[in-house]
Number of protein chains: 2
Amino acid sequence: MNTETYCIAGRLRMLARVISGRYNEAFTGEGVTFAQAGLLMHIFAQPGVRQAELSKRLQIEKSAMSRDVQLLQKNGWLTDNIRSGLYLTEEGRLLAKRCHKIWKALNQQVWAELGPDATLGLTVFSDNVITKLIS
Amino acid sequence: MNTETYCIAGRLRMLARVISGRYNEAFTGEGVTFAQAGLLMHIFAQPGVRQAELSKRLQIEKSAMSRDVQLLQKNGWLTDNIRSGLYLTEEGRLLAKRCHKIWKALNQQVWAELGPDATLGLTVFSDNVITKLIS
DNA sequence: TAAAAAAAGTTGCATATACAACTTTAACTC
DNA sequence: GAGTTAAAGTTGTATATGCAACTTTTTTTA
């Protein structure tokens, strides 16, 4: 039946590029990328979270996470004790809240644009990857 | 019904990281990344293809494509007239063939590991993104 | 066909990402 | 509690990626 077995990795990377572009656009007004906004929102939701924890949850290599975090700090959104848990500055908290508003509206819109079949499809795929491929 | 609307972009990026890691591993023996192997295979399948064509097909920004292509060339896998169509050198062709063998086995294995529900889910999602979100 | 417009490709700059090696911090064991 | 081990975090190096501005090539049109 699977006569056409396209490249799973290639397809995922393409989809990530396309969707990331869409999300990045939405955050240009705030001067952040989607990746940065995402981290800010995670830290907002869980103040004091460790890099290692985010690293596992988001499946980002620890050295990449280290640099992402340093970038947030350089921009004044994190307090200076990043080795013992991540905390937003006041400016960081305000930005995180604005990002969340943007994110919520956009994510719902994309969800709606793609429709239930598509989003259910991604959910099923995602759940399978998480249970079968991530230790 | 959609009580939990997770972040589509975040999830896709995570999945791309995880699956890319898996594919990258498979190509370390050949000294190429999955991204490079993928380009080589595309060019092998369509000698003379233009950067702009690959750029559209893979949804990679043209400047990124330009650099990816230059890297392949620097490694001796592309002939020197990259501005008028991409052609593999003999070494490039041999490498592309080896990569295809690796890719085919791995892609089938991942397809099998994830199972039909998952892969169908990705297909449905992917088709929807392509028809609804890509101009 | 020459000029103008559009498309293709490149380069400067910046972020996102990974692997390997290293340093620092935390935990465990005796 | 000192020493060892493990976990966390950082830095060097390299690829992958995007945006903006620029150059080159191709196509259109007058």
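What you see below is based on every heavy atom in this structure, not just the backbone, and it leaves out hydrogens, waters and symmetry mates. Chain A is the first sequence line, chain B the second, and so forth, proteins listed ahead of strands; every chain is numbered from 1.
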request  = Using whole Å, report how far CG of B:N24 lies from P of C:dA20.
outcome  = 12 Å
key: Nucleotide nearest A:R83 (side chain, heavy atoms from C-beta), chosen from C:dT15, C:dG9, C:dT25   = C:dT25
key: Phosphate OP1/OP2 of D:dT10: any A:S66 side-chain N/O under 4.0 Å   = yes
inquiry  = Set out, in order, the CA-CA distance, both residues' side-chain angles and the distance that settles side chain to side chain contact (heavy atoms under 4.5 Å, CB included) for A:L72 and A:I82, then state yes or no.
reply    = CA-CA 10 Å; A:L72 296 185; A:I82 58 174; over 6 Å; no
query = Just by modelled atom types, is the A:K56 backbone N or O under 3.5 Å from a matching donor or acceptor in the A:Q59 side chain?
reply = yes
message = Between C1' on D:dA7 and CD on A:E53, what's the gap in Å once rounded to a whole number?
response = 14 Å
remark   = Residues in residues 67-82 of chain B with a heavy atom under 4.0 Å of DNA chain C, by number, are B:R67, B:Q70, B:I82
request  = Let me know the distance between CE of B:M65 and C1' of D:dT17, rounded to the nearest Å.
outcome  = 11 Å
message = Students often get this wrong, so: under 4.0 angstrom with heavy atoms, is B:S63 touching a base, only sugar-phosphate, or nothing?
response = base
inquiry  = Count I, L, V, M, F, W, Y as connected when their side-chain heavy atoms are under 4.5 Å apart, and connections chain through other members. Are B:W111 and B:L114 then in the same cluster?
reply    = yes
request  = Please list residues of residues 95-104 of chain B whose heavy atoms come under 4.0 Å from any atom in DNA chain C, ordered by number; otherwise none.
outcome  = none
inquiry  = Donor-acceptor pair, distance only, cut-off 3.5 Å: does the side chain of B:S55 make one with the backbone of B:I60?
reply    = yes
key: With A:E61 via salt bridge (Lys or Arg N to Asp or Glu O under 4.0 Å) - residues at least two apart   = none
query = Is there side-chain contact between B:Y6 and A:L122, with at least one heavy-atom pair below 4.5 Å?
reply = yes
inquiry  = Test your reading of the model: is there a side-chain donor-acceptor pair from A:R22 to the backbone of B:A9, 3.5 Å cut-off?
reply    = no
task = Starting from P on C:dA8, measure out to CD1 on B:I60 and report it in whole angstrom.
result = 16 Å
task = Check the surroundings of atom NZ in B:K132: do more than 12 heavy atoms from other residues, nucleotides or ligands lie under 6.0 Å from it?
result = yes
request  = Output every pair passing side-chain hydrogen bond (donor to acceptor under 3.5 Å, both in side chains) with a member in residues 28-50 of chain A, not counting sequence neighbours, ordered by first then second residue.
outcome  = A:E30-A:R98, A:Q46-A:R57
task = Answer whether the closest heavy-atom distance between the side chains of A:I43 and A:L54 falls below 4.5 Å.
result = yes
message = Check this one for me: any side-chain N or O of A:S55 less than 4.0 Å away from OP1 or OP2 of D:dA8?
response = no
task = Would you indicate which nucleotide in C:dA8, C:dT15, C:dA18 comes nearest to any side-chain atom of A:Q36?
result = C:dT15
key: Contact list for DNA chain D against residues 10-22 of chain A - heavy-atom distance below 4.0 Å   = A:R13, A:R17
inquiry  = Donor-acceptor check, side chain of A:T123 to backbone of A:T119, threshold 3.5 angstrom: yes or no?
reply    = yes
ask   = Is any side-chain heavy atom of B:V129 closer than 4.5 Å to a side-chain heavy atom of A:R11?
value = no
message = Please give me every residue in residues 41-52 of chain B whose heavy atoms get under 4.0 Å of an atom in DNA chain C, ordered by residue number.
response = B:R50, B:Q51, B:A52
remark   = B:E61 CD to C:dA8 P, in whole Å, measures 13 Å
ask   = Atom CG in A:L58, atom CZ in B:R13: separation rounded to 0.5 Å?
value = 10.5 Å
inquiry  = Nearest whole Å is fine: how far is C:dA6 P from B:K62 NZ?
reply    = 14 Å
message = Rounded to whole Å, how long is the line connecting atom CD of B:Q59 with atom C1' of D:dG18?
response = 13 Å
message = Can a donor-acceptor pair be found, under 3.5 Å and without considering hydrogens, that links the side chain of A:N24 to the backbone of A:S20?
response = yes
task = Round to the nearest Å and state the distance from A:F27 atom CZ to D:dC19 atom P.
result = 15 Å
